[in-house]
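Whatever order the structure lists ligands and atoms in, that order sets their numbers, starting from 1.
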Amino acid sequence: MAALLLLPLLLLLSSSTPLQAQQNITLGSSLTPQGPNSFWLSPSGGFAFGFRPVIDGNTSSYLLAVWFNKTTDKTVAWYANTADPDAEVVQVSPGARLQLNSKGALSLQDSTGTEVWKPNAVGAAYAAMLDTGNFVMVAADGSTLWGTFDTPTDTILLTQEITPGMTLRSRIMPTDYSNGRFLLDMDSEYVALYLVAVPSGYKEGYYWYIVGNITKLVFDAAGTIYTAMGNGTNITMTSGVPGSMAEYYHRATLDTDGVFRQYVYLKDSGQWSPPAWATVGFQPPDICQPMLSLGSGTCGFNSYCKFDGATNQTSCFCPPQYSFIDEDRKYKGCKPDFQPQSCDMDEASAMMQFDLTWENHVDWPLADYETYQHITENQCQTLCLTDCFCAATVYQEATSTCWKKKFPLSNGRMKYDVDRKFLLKLPKSNSSQIELQKNNSFSQTELNISSKWKKDKTTYCTVTRIEVQPLQSSFNNLGLPLKAFTYAEFEEATNGFKEVTGTGASGVVYKGQLQDEVRTCIAVKKLDKIQKETEKEFTVEVQAIGQTNHKNLVRLLGFCSEGNE
Ligand SMILES: *[C@@H]1O[C@H](CO)[C@@H](O)[C@H](O)[C@H]1NC(C)=O
Ligand SMILES: *[C@@H]1O[C@H](CO)[C@@H](O)[C@H](O)[C@H]1NC(C)=O
Ligand SMILES: *[C@@H]1O[C@H](CO)[C@@H](O)[C@H](O)[C@H]1NC(C)=O
Ligand SMILES: *[C@@H]1O[C@H](CO)[C@@H](O)[C@H](O)[C@H]1NC(C)=O
Ligand SMILES: *[C@@H]1O[C@H](CO)[C@@H](O)[C@H](O)[C@H]1NC(C)=O
Ligand SMILES: *[C@@H]1O[C@H](CO)[C@@H](O)[C@H](O)[C@H]1NC(C)=O
Ligand SMILES: *[C@@H]1O[C@H](CO)[C@@H](O)[C@H](O)[C@H]1NC(C)=O
Ligand SMILES: *[C@@H]1O[C@H](CO)[C@@H](O)[C@H](O)[C@H]1NC(C)=O
Ligand SMILES: *[C@@H]1O[C@H](CO)[C@@H](O)[C@H](O)[C@H]1NC(C)=O
Ligand SMILES: *[C@@H]1O[C@H](CO)[C@@H](O)[C@H](O)[C@H]1NC(C)=O
């Protein structure tokens, strides 16, 4: 396997010197996925146009794409889609061939010689991969006949403009370029982000928009993305560059979670931090807000969403006793792992077998189907338990109001609301187990962090993000997300490592609280050195903290270590 992969790579390397000098691509030139010429580079080498595997390292299927050639992951900025109305990603086998033919047209043929893609332009004198990331076909008089900037996919680059009639469509998954669930659409009266049905593409509703006399959406050379209005006003969508423009690569992508993010990538990050794309701005501000439309919201049906302001990442979760229909494609939603309540079941059996136990801070605001007023919380619960259509309730004590919610639950999100009690219907037999279920062992992620620290002792505290997985013995078994913390966040949470709760052989443990909705209680251990005993010790210390803050606090595990021993 390794030998098979190596061969094409070597061929690429041996031919890269002449490729880099290439600026004009002359008529008659061609590319093949596995031949000596599989891509054309821009003059600076920053961008490449050509064939690349759909999945890294898998040489069975290729995209025709534009990508950043100098970022570690060779980020894709454009890929060939079939013509409207399908506009689906074009994937070809190793036998495919792209030619700039003698008529001055580009043509992509599959291994049987059938044309599978061509841009709508002929008569080019040459083509060129420009340093802006635009791959263009140019006429003899120097005018651009067609460019990849004319048919954007999910990403726009510096100096690129979107005009009425153009769209951006997210991928379904970072590694699956099929049409995703979100669309940036534009005409002369609005620009908006839509949730769309898959696969029909039906626009279910928008969740961000600007209305007015719209001229274009611009990603300007200064790093601001704005909508230019007919009256001369520019309305900023996102902006922000942490330093000089030239120090970074830039892109903005409608991501698979529906967030439009503007990113920068430090060209020369030096030795202090791993090179990576960083978010400098995004819209909408909170993708977990209900979308007020048909569809499930950003997470799938029956799941719930959490947008983490520290990392700007969206995570989707299933409630207890629910699991993802497809763990790799969480947008498909969650299914109950139990037999839902039968409508033939009499009231007494229903009350015996089901319970509204999962008190949580998750709301599914668009799933209401019935409301009651002036009733007690107990009555509210009984009404739901004896109703086979009822999946969850919300009770507001101040107004004695009860809402019943139906399947499938949609637009679920974490919401801390002291006024309301959110309850989910679950089978009784297992609900007691949920509360008792504990898992105090270290996760693989945590162990990996430890080993990483061991290797890289000087840099981790100031620059490396630390990923921490909460213990599963958490408040109501919420299964909180894997979260990335910075050293500074730990410092803040522990008030500068002030309150010591224990000292073990390997380091001091400090008590702290995160600045999140539920003021999560954490234990942070500053490790002197990593050793085997650490795991056992820490478990004990975390439990001690848990005892002083039992209810409504998540026991979270974190550890950190200073630069030098
Ligand atoms: C590219 O081709 C055009 C038209 O033939 C020519 O004017 C230009 O000088 C060429 N550029 C380079 C860098 O070869
Ligand atoms: C672009 O990527 C190819 C393939 O990884 C590599 O051989 C080449 O050196 C890169 N070019 C530049 C200018 O970085
Ligand atoms: C490569 O991808 C194809 C689907 O495109 C899949 O069937 C095949 O198993 C993959 N091969 C490897 C080695 O992952
Ligand atoms: C231009 O139009 C936008 C949106 O319609 C409006 O907010 C703005 O005030 C207008 N500007 C001027 C100068 O009229
Ligand atoms: C929109 O703006 C353009 C450019 O200023 C103007 O020509 C056009 O009349 C405007 N359209 C409307 C409907 O206001
Ligand atoms: C809007 O942006 C354009 C460039 O596209 C610029 O010429 C113009 O001055 C800007 N308008 C305002 C009001 O800033
Ligand atoms: C999150 O986005 C904000 C801009 O809205 C940015 O300042 C911040 O650095 C981002 N955080 C991360 C971890 O990307
Ligand atoms: C309850 O838990 C048991 C053991 O953990 C499991 O086998 C069973 O499927 C669960 N029942 C339901 C209804 O989820
Ligand atoms: C506890 O966590 C370990 C490591 O993450 C895992 O292998 C194990 O299956 C978990 N046990 C339970 C009961 O969840
Ligand atoms: C931990 O590290 C191993 C080896 O580097 C890797 O295979 C595994 O995926 C990592 N696990 C997690 C949860 O990061």
Considering heavy atoms of the protein only, find what lies nearest to atom 6 (C) of ligand 5 and give residue, atom and distance to 0.1 Å. Asn213 ND2, 4.1 Å
List every atom of ligand 6 that sits less than 4.0 Å from any heavy atom of Asn234, numbering the atoms from 1 in the order shown and giving each element. 1 (C), 2 (O), 3 (C), 8 (C), 10 (C), 11 (N), 12 (C), 14 (O)
Candidates Val54, Asn58, Ile55; heavy atom nearest atom 2 (O) of ligand 3 found on Asn58
Under 4.0 Å from one or more heavy atoms of Ser60, ligand 3 contributes atoms 1 (C), 2 (O), 3 (C), 5 (O)
Taking only heavy atoms of Gly232, which atoms of ligand 6 are found under 4.0 Å from at least one of them? 11 (N), 12 (C), 13 (C)
Give me the ring orientation class for Phe49 and Trp40: parallel if the planes are under 30° apart, tilted from 30 to 60°, perpendicular past 60°. parallel
Under 30°, 30 to 60°, or over 60°: which ring-plane class applies to Phe219 and His250, parallel, tilted or perpendicular? perpendicular
Is there any N or O on Thr233 that sits under 3.5 Å from an N or O of ligand 6? no
Of Gly230, Gly212, Ser188, the one whose closest heavy atom lies nearest atom 4 (C) of ligand 5 is Gly230
Please check this pair: side chain of Arg169 against backbone of Gly180, looking for a donor-acceptor N/O pair closer than 3.5 Å. yes
Exactly one of Asp154, Asp255, Thr153 clears side chain to side chain donor-acceptor pair (under 3.5 Å) with Arg171, and that residue is Asp154
Are Cys299 and Cys288 within a span of less than 2.5 Å, counting SG to SG? no
Counting only non-hydrogen atoms of the protein, does one fall under 4.0 Å from atom 11 (N) of ligand 5? yes
So Tyr322 and Phe338, would you call those rings parallel, tilted or perpendicular, with 30° and 60° as cut-offs? perpendicular
So is Ala228 in contact with ligand 6, going by heavy-atom distances below 4.0 Å? no
Phe68 and Phe47 aromatic centres sub-6.0 Å: yes
Considering heavy atoms of the protein only, find what lies nearest to atom 5 (O) of ligand 6 and give residue, atom and distance to 0.1 Å. Tyr226 OH, 2.5 Å
